[in-house]
Protein chains: 2
Amino acid sequence: MNIGEAARRSGVSSKMIRHYESIGLLVSAQRSESGYRVYSEKDLHTLRFIATTRSLGFSLDEIQKLLSLWQDKNRSSADVKELVLNHIADLDQKIAELTSMRTTLQTLASACSGNARPDCPILSGISTHCANRP
Amino acid sequence: MNIGEAARRSGVSSKMIRHYESIGLLVSAQRSESGYRVYSEKDLHTLRFIATTRSLGFSLDEIQKLLSLWQDKNRSSADVKELVLNHIADLDQKIAELTSMRTTLQTLASACSGNARPDCPILSGISTHCANRP
DNA sequence: TCTGAACCTTCCCATCGTGGTAAGGTCAAG
DNA sequence: CTTGACCTTACCACGATGGGAAGGTTCAGA
């Protein structure tokens with residue numbers, strides 16, 4: 001199949017498929033006589049693997065490692081698990097950061113009447129917070 | 001004060017101060033005779049405002065709006081609140097996405113024995129998930 | 001058989017926020 | 001007067017994705 005169909009059936013855009021090939025995440029695709037990229041069902045499976053792992057928030061670097069492990073019959077599942085646990089830790093940190101922002105903002109917002117007058121606990125809250133900077 | 005001190009005292013790097021000026025987030029700083037940027041306490045307050053709002057996850061576009069509102073004596077607090085509530089909604093969506101990833105990964109990881117053998121529920125889980133793609 | 005639409009190719013540029021680095025000018029203390 | 005710490009501008013980079021230009025290929029229908 002051509003790149004368009006591979007894109008449609010994998011959920012990875014044509015643009016990205018070419019990009020992944022150019023950075024070495026994917027091995028170079030077969031080419032037709034006219035130079036079109038040609039994909040097999042196996043290639044499609046790899047593309048879907050990438051789509052799935054992207055949607056789980058892995059970076060392309062991590063996906064490269066996951067792909068190697070996936071294709072390595074002699075892998076240790078411990079290696080896979082370690083990679084995944086590290087990624088979970090990253091997610092946890094990110095979630096904690098965002099949640100902390102959310103909490104602060106929610107507190108400020110709930111103190112703000114949100115009317116036509118200029119008095120705003122949100123802005124004065126931020127302004128005060130500023131004062132405690134290095 | 002020079003840019004270095006402003007950076008140290010605001011928590012915004014010199015690099016970023018120049019960048020913010022170049023994209024119009026900050027008005028051009030005063031210059032000394034020799035061309036050095038010179039900052040006042042008022043400028044410092046603005047820089048700290050930016051540092052604080054960045055740390056709350058606002059984009060530079062949103063910060064520009066917040067800065068205008070902050071400096072507008074005729075603002076409506078409703079406008080501030082709306083901006084903040086929208087940002088909270090963005091955060092909520094992001095948190096939900098990350099949490100969903102986390103949940104999936106945690107489930108897969110806890111099924112994986114993480115030993116020296118290749119059998120890996122994480123990889124087979126991902127591989128299976130692939131099959132259900134468009 | 002020709003034509004046009006729908007593909008495909010490569011190449012460059014943009015985003016967003018941040019950092020690095022190079023090549024040069026300025027300032028103050030020793 | 002030198003030295004080191006500062007400052008200036010101007011580029012390039014990241015990570016992941018998208019947009020678009022300029023050109024080649026394929027195939028169905030008139």
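Here is how names work: the chains are called A, B, and so on, in the same order as the sequence lines, proteins then strands, and each is numbered from 1.
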Under 3.5 Å, side-chain donor or acceptor atoms of residues 111-125 of chain A against the rest of the protein: list the pairs with distances, not counting sequence neighbours.
| unit_1 | atom_1 | unit_2 | atom_2 | d |
| --- | --- | --- | --- | --- |
| S113(A) | OG | N115(A) | ND2 | 3.2 |
| N115(A) | OD1 | R117(A) | N | 2.9 |
| N115(A) | OD1 | S77(B) | OG | 3.2 |
| R117(A) | NH1 | D119(A) | OD1 | 2.9 |
| S124(A) | OG | C120(A) | O | 3.0 |

(request) Would you please name every residue forming a side chain to side chain donor-acceptor pair (under 3.5 Å) with S110(A), sequence neighbours left out? (result) none
(request) For E97(A), enumerate each residue passing the side chain to side chain donor-acceptor pair (under 3.5 Å) test, keeping only those at least two apart in sequence or located in another chain. (result) Q93(A)
(message) Strictly below 4.0 Å: does R18(B) bring a side-chain N or O up to OP1 or OP2 of dT8(D)?
(response) yes
(request) Give every residue pair that meets the salt bridge (Lys or Arg N to Asp or Glu O under 4.0 Å) criterion with at least one member in residues 65-77 of chain A, sequence neighbours excluded. (result) none
(message) Taking salt bridge (Lys or Arg N to Asp or Glu O under 4.0 Å) as the cut-off, I'd like each qualifying pair that reaches into residues 50-62 of chain B, sequence neighbours left out, listed once.
(response) none
(message) What range of DNA chain C does chain B touch, first nucleotide to last, counting atoms under 4.0 Å from its heavy atoms?
(response) dG17(C) to dC27(C)
(message) Strictly below 4.0 Å, N to O, side chains only: are E41(B) and R48(B) in salt-bridge contact?
(response) no
(request) Kindly state each residue pair satisfying side chain to side chain donor-acceptor pair (under 3.5 Å) with at least one member in residues 25-36 of chain A, sequence neighbours excluded. (result) S32(A)-S34(A)
(message) Using a 4.0 Å heavy-atom cut-off to protein, can you give one letter per nucleotide of nucleotides 14-29 of chain D, 5' to 3': B if the base is in contact, S if only the sugar-phosphate is, - if neither?
(response) --SBSBB---BBS---
(request) Quantify the bending of the helix from dT1(C)-dA30(D) to dG30(C)-dC1(D) as the angle between its end axes, each fitted on five pairs, to 10°. (result) 30°
(request) Kindly write out the residues that satisfy ring pair (Phe, Tyr, Trp, His ring centres under 6.0 Å) with Y20(A), not counting sequence neighbours, or none if the list is empty. (result) none
(message) Under the rule for ring pair (Phe, Tyr, Trp, His ring centres under 6.0 Å), what residues qualify as partners of Y39(B), not counting sequence neighbours?
(response) none
(request) Round to a whole Å and report the spacing from CD of E5(B) to P of dA5(D). (result) 17 Å
(message) Which residues pass the salt bridge (Lys or Arg N to Asp or Glu O under 4.0 Å) test with D92(A), not counting sequence neighbours?
(response) R102(B)
